[in-house]
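Below is one structure, written out as structure tokens, with a few remarks after it.
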Amino acid sequence: MKGTAGRLGDSGNGVAHGAAGGHPVAGQGARSGDPCTVAPPRTTAGPLSPAMASALAAELLRRADEDRELMRQTGVHPTPERERRIARCHRDNAEALAMIIRRYGWPNADLVGPPASTAALMILLHASDLGFRLRCRDLIAQDTADGRTPAIHLAYIADQCAVDLGQPQYYGTRIDPTSLRPYPIRHPQSVDERRRDVGLGPLEEQLQALRIHG
């Protein structure tokens, strides 16, 4: 998995809903990035009681918080053991997310609420299996088209998958950590228009924030 991304909000509030610019992300060829692949998700959601929805939301938020804290600790004081803990965390989180998807479909905001849906996206972005991310990207694309997932979620996962496939990204959310410049962008002259459509600010503002905050 290459590069870094702009910051994801924790709540999913204040972002655009609906189709993400009509770009052709769904159905592109999937290939596995990890020989230990996560089982493919099903797309049919089962019934979910309010108590189960609350439990799933709490689990997703807990896992995302653990991931975030491990990443913070490693950034402050990297050690081989902390790197191994992050890898285990990402693997376990991806397996847990795959289990949720097999039973209920993609955990969108209607299913688990906006904060937990954003947590699910964070878990997905850190999953090592490219094939799994591609399949989930297609589920998110369908939910975005149906208005159940913010378009900004599709922007992040579509860009990540495109960069990992060696293709131009759509929204410029994937940044080369060495140069702090975006990986190649499809039709860069209109990238800010596409970003605006999904609730992202101008690309140059994102790059300035990265340069200031690191």
Side-chain angles (χ1 to χ4, degrees), residues 1 4-17 20 34 38-76 82-129 132-144 146-161 173-174 198-200 209 213:
M1 192 186 310
T4 184
R7 299 180 187 277
L8 280 172
D10 290 330
S11 69
N13 294 328
V15 293
H17 287 67
D34 189 331
V38 179
R42 292 202 302 258
T43 58
T44 302
L48 196 61
S49 68
M52 180 58 71
S54 179
L56 288 178
E59 179 70 4
L60 289 166
L61 290 167
R62 181 191 68 78
R63 288 180 175 277
D65 285 344
E66 179 186 10
D67 184 343
R68 192 177 295 111
E69 178 60 19
L70 285 173
M71 298 283 282
R72 185 195 67 79
Q73 292 175 5
T74 303
V76 172
R82 283 179 172 171
E83 294 286 352
R84 287 190 291 269
R85 288 177 63 193
I86 287 176
R88 286 196 300 269
C89 175
H90 290 173
R91 182 184 64 248
D92 292 347
N93 284 354
E95 290 174 354
L97 179 60
M99 184 177 297
I100 290 171
I101 293 168
R102 285 197 297 272
R103 295 191 65 181
Y104 304 109
W106 177 255
N108 56 47
D110 288 352
L111 199 68
V112 296
S117 185
T118 300
L121 177 66
M122 175 183 169
I123 290 169
L124 177 62
L125 291 170
H126 290 168
S128 63
D129 183 353
F132 175 61
R133 283 184 276 129
L134 286 165
R135 291 187 292 270
C136 289
R137 178 204 60 186
D138 291 352
L139 296 181
I140 293 170
Q142 183 59 59
D143 272 1
T144 299
D146 292 342
R148 295 193 299 265
T149 291
I152 195 171
H153 287 197
L154 179 58
Y156 276 107
I157 187 60
D159 274 2
Q160 188 195 64
C161 289
T173 64
R174 305 308 300 176
V198 300
L200 287 165
H213 301 292

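Here CG of L97 is found 11.0 Å from CD of E59. Values are rounded to the nearest 0.5 Å. Distance check, rounded to the nearest 0.5 Å: CZ of R84 to CG of L70 gives 13.5 Å. A distance of 9.0 Å separates CZ of R103 from CG of L48, quoted to the nearest 0.5 Å. Note: S117 OG to L56 CG = 12.0 Å, rounded to the nearest 0.5 Å. The CG atom of D159 sits 10.0 Å away from the CG atom of L125 when rounded to the nearest 0.5 Å. Rounded to the nearest 0.5 Å, atoms CG (L154) and CD (Q142) are 11.0 Å apart.
D65 is linked by a salt bridge (charged side-chain N to carboxylate O under 4.0 Å, His left out) to R68, counting only residues two or more places apart in sequence or in another chain. Applying the salt bridge (charged side-chain N to carboxylate O under 4.0 Å, His left out) test to E83 and every residue at least two apart in sequence or in another chain returns nothing.
The backbone N or O of P114 lies less than 3.5 Å from a partner atom in the side chain of T118, making a donor-acceptor pair. Side chain of R133 to main chain of C161: no donor-acceptor pair is present (N/O by atom type, distance under 3.5 Å, no hydrogens or angles). For the pair R82 (side chain) and Q73 (backbone), a donor-acceptor distance under 3.5 Å is present.
Within the 4.5 Å cutoff, the side chain of W106 has no heavy atoms near those of the L111 side chain. V112 is not listed as a side-chain neighbour of I100, based on a closest heavy-atom distance of 4.5 Å or more. Contact annotation: the side chain of L200 approaches that of Y156 to within less than 4.5 Å [non-hydrogen atoms, C-beta and beyond]. Side-chain contact between N108 and L139: absent, with no pair of heavy atoms (C-beta onward) separated by less than 4.5 Å. The closest side-chain heavy-atom distance from C136 to I101 is below 4.5 Å. Side-chain contact between L121 and I157 is present, with heavy atoms from C-beta onward closer than 4.5 Å.
Contact record, R135 with D129: NH2-OD2, 4.4 Å, taken as the closest heavy-atom pair. F132 and A98 get closest at one heavy-atom pair: CE1-CB, 3.8 Å. When all heavy atoms of A64 and I123 are compared, the closest pair comes out as N-CD1, 4.4 Å.
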message = Quick one, R63 with D92, criterion side chain to side chain contact (heavy atoms under 4.5 Å, CB included). Give me CA distance, side-chain angles, the key distance, then yes/no.
response = CA-CA 9 Å; R63 288 180 175 277; D92 292 347; 4.1 Å; yes
query = How far apart are the C-alpha atoms of V198 and T144, what are their side-chain angles, what is the distance that settles it, and do they pass the side chain to side chain contact (heavy atoms under 4.5 Å, CB included) test?
reply = CA-CA 10 Å; V198 300; T144 299; over 6 Å; no
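Residues D67 and H126 have side chains that bring a donor and an acceptor to within less than 3.5 angstrom of each other.
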